[in-house]
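Report on one structure; see the data block that follows.
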2 protein chains.
Amino acid sequence: MKLTYKGDYALKAVLDLALHYGQEPVTSHDLAKRIDAPAKFFEQVLTELKKGGIIESRRGNEGGYLLSKSPSKITVGDIIRIIEGPIEPIACVKENYANCTDVNRCVFRNIWQKVYQATSDIIDHVTFEDLMAQVKGQQQIATYSI
Amino acid sequence: MKLTYKGDYALKAVLDLALHYGQEPVTSHDLAKRIDAPAKFFEQVLTELKKGGIIESRRGNEGGYLLSKSPSKITVGDIIRIIEGPIEPIACVKENYANCTDVNRCVFRNIWQKVYQATSDIIDHVTFEDLMAQVKGQQQIATYSI
DNA sequence: TGTATACTCTACTAAGTTAGTAGGAATAGT
DNA sequence: ACTATTCCTACTAACTTAGTAGAGTATACA
Ligand code: FES
Ligand code: FES
């Protein structure tokens, strides 16, 4: 698992939208400015999140983006899988991929499977509700910073 | 953590050398053939492993490569770190890197730190002695295949 | 009906990484 | 001297990452 800028922006965006859940849509422009992402590039990230079913959009005046479900139902793993793709260190962990010679007797496969499991266990159990709680806990200082 | 071909070749090479530990050096050519890697590309991998202190070399006739320490003292993590570089999903996990805005209050950092820890815990505790045992366990069928 | 506001879509690009190739120089044993 | 082998430098094609650019489409509101 390696986090690219795209994934970084996506996570920050979803957290921001989570903090605006139930309110008016947030514009791409506002989001981009708050998380300090290049506006045009960031639009592409939002498009992928939308295709992934995480957010929905309202066009025109008063439009913008909003979460398509409750922050408690969205995990960090969801975002990572949508933006960064598969999280396993090597493809044959999931399927009987023809990467190594003999899958059945490969002594390394087991290791990558464990890494995959451990990573999934972490990122699939952190919801954006959890993250919101953390943000609000430190809110007393100033506006949240992601 | 993502495994590239280089890392894949390196792990297989070190396991092969582990199985020849205490014996004559193994030539790059023989290694490459057994693990099915392009000979010239594979040489580069060996060079990196040597620089990393994992293997040493003997030049000229009867030369080749051998482990510079016991298989019980080499872990999968050692090889990964040498060949693939840092294993954390984002740079600021290790240092106070200026990637995210405010490191102290970043709610994501904690997650990547956990992923880093979990991954390290796995790959740093598998030695090539462990892997040799596995290989020898299934040896009854034929020659080992990595 | 017009217009400002915002999302949508397609295409292009520069830099970096990955997975190699190619060719020769240096060294050691017989 | 010959041969086997490591060592060293440079090049390349394909792919990924992190953007840019610009036109097109939908919606609210006056
Ligand atoms: S068969 Fe996939 S890691 Fe070896
Ligand atoms: S400060 Fe590094 S993940 Fe946010």
Side-chain angles (χ1 to χ4, degrees), chain A residues 1-13 17 20 24-52 54-68 80 82-86 89-91 99-100, chain B residues 1-13 17 20 24-33 35-52 54-68 80 82-87 89-91 99-100:
Chain A
M1 224 273 82
K2 196 204 146 198
L3 198 68
T4 65
Y5 272 74
K6 236 174 175 170
D8 191 44
Y9 294 152
L11 289 171
K12 290 174 180 174
L17 289 176
H20 289 87
E24 299 299 293
V26 183
T27 68
S28 166
H29 184 259
D30 282 2
L31 273 172
K33 218 161 78 180
R34 273 204 292 274
I35 71 183
D36 198 43
K40 271 303 209 175
F41 181 56
F42 179 62
E43 279 181 16
Q44 295 174 26
V45 178
L46 290 174
T47 302
E48 289 183 46
L49 286 174
K50 195 190 165 186
K51 275 185 192 155
I54 301 294
I55 62 179
E56 42 193 76
S57 59
R58 300 282 151 81
R59 302 235 272 203
N61 208 343
E62 303 284 288
Y65 291 92
L66 23 75
L67 290 193
S68 57
I80 296 300
I82 288 166
I83 302 292
E84 309 282 12
I90 193 169
N99 206 357
C100 286
Chain B
M1 225 272 82
K2 197 206 146 197
L3 197 68
T4 65
Y5 272 73
K6 236 174 175 170
D8 191 45
Y9 294 152
L11 289 170
K12 290 173 181 174
L17 288 176
H20 289 86
E24 300 298 294
V26 184
T27 68
S28 166
H29 183 260
D30 281 3
L31 273 173
K33 217 161 79 181
I35 72 183
D36 198 42
K40 271 303 210 175
F41 181 54
F42 179 63
E43 277 182 19
Q44 295 174 26
V45 178
L46 290 174
T47 303
E48 290 182 47
L49 286 174
K50 195 190 167 185
K51 275 186 191 156
I54 300 294
I55 61 180
E56 41 193 76
S57 57
R58 301 281 151 80
R59 300 235 272 205
N61 208 344
E62 301 285 288
Y65 292 91
L66 23 74
L67 290 193
S68 57
I80 296 300
I82 288 167
I83 302 291
E84 310 282 12
I87 69 169
I90 193 168
N99 205 357
C100 285

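In what follows, chains are A, B, ... by sequence order, proteins preceding strands, each numbered from 1. Nothing here was measured: the structure is a model prediction, and the numbers come from that model.
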Handout entry: Test item: B:Glu84 side-chain N/O and B:Leu3 main-chain N/O as donor-acceptor pair under 3.5 Å
Key = no

Handout entry: NZ-OG1 distance between B:Lys51 and B:Thr47, expressed to the nearest 0.5 angstrom
Key = 6.5 Å

Practice task
Report yes if at least one side-chain N or O of A:Tyr9 is closer than 4.0 Å to OP1 or OP2 of D:dA18; otherwise report no.
Solution key: no

Exercise for the section: Taking the side chain as every heavy atom from C-beta outward, state whether A:Ile83 and A:Leu49 have any pair of such atoms under 4.5 Å apart. Expected result: yes

Practice task
For residues A:Leu31 and A:Ala13, report the shortest heavy-atom separation together with the two atoms involved.
Solution key: CD2-O, 4.0 Å

Problem - Atom-pair distance (NZ on A:Lys33; P on C:dA6), nearest Å - result: 11 Å

Problem - Nearest non-hydrogen partners of B:Leu66 and B:Pro25, listed with the distance - result: CD2-CG, 3.9 Å

Problem - Spatial distance of atom NZ (A:Lys50) from atom CD1 (A:Ile82) [nearest 0.5 Å] - result: 13.5 Å

Dump every N/O contact between nucleotides 25-30 of chain C and the protein below 3.5 Å, one line per pair.
residue	atom	partner	partner atom	Å
C:dA26	O3'	B:Arg59	NH2	3.4
C:dT27	O5'	B:Arg59	NH2	3.4
C:dT27	O4'	B:Arg59	NE	3.2
C:dT27	O4'	B:Arg59	NH2	3.1

Problem - Min side-chain heavy-atom separation B:Leu17-B:Ile54 under 4.5 Å - result: no

Exercise for the section: Please list residues of residues 39-52 of chain B whose heavy atoms come under 4.0 Å from any atom in DNA chain C, ordered by number; otherwise none. Expected result: B:Lys40, B:Phe41, B:Gln44

Handout entry: Other residues, nucleotides, ligands: >12 heavy atoms within 6.0 Å of A:Glu24 CD
Key = no

Completion exercise
Assert: residue with more 5' nearest nucleotide on DNA chain D, out of A:Glu84 and B:Ser57, is B:Ser57

Problem - Ion pair check, A:Lys40 and A:Glu43, cut-off under 4.0 Å - result: yes

Completion exercise
Against the side chain of A:Thr4, the closest entry in D:dT17, D:dT6, D:dG19 is D:dT17

Problem - Test item: B:Ser57 side-chain N/O and B:Gly64 main-chain N/O as donor-acceptor pair under 3.5 Å - result: no

Exercise for the section: Do nucleotides 12-17 of chain C as a string where each nucleotide becomes B, S or -: B if the base has a protein heavy atom under 4.0 Å, S if just the sugar-phosphate does, - if no protein is that close. Expected result: ------

Problem - Distance test, side-chain N/O of A:Tyr5 to OP1/OP2 of D:dT16, below 4.0 Å - result: no

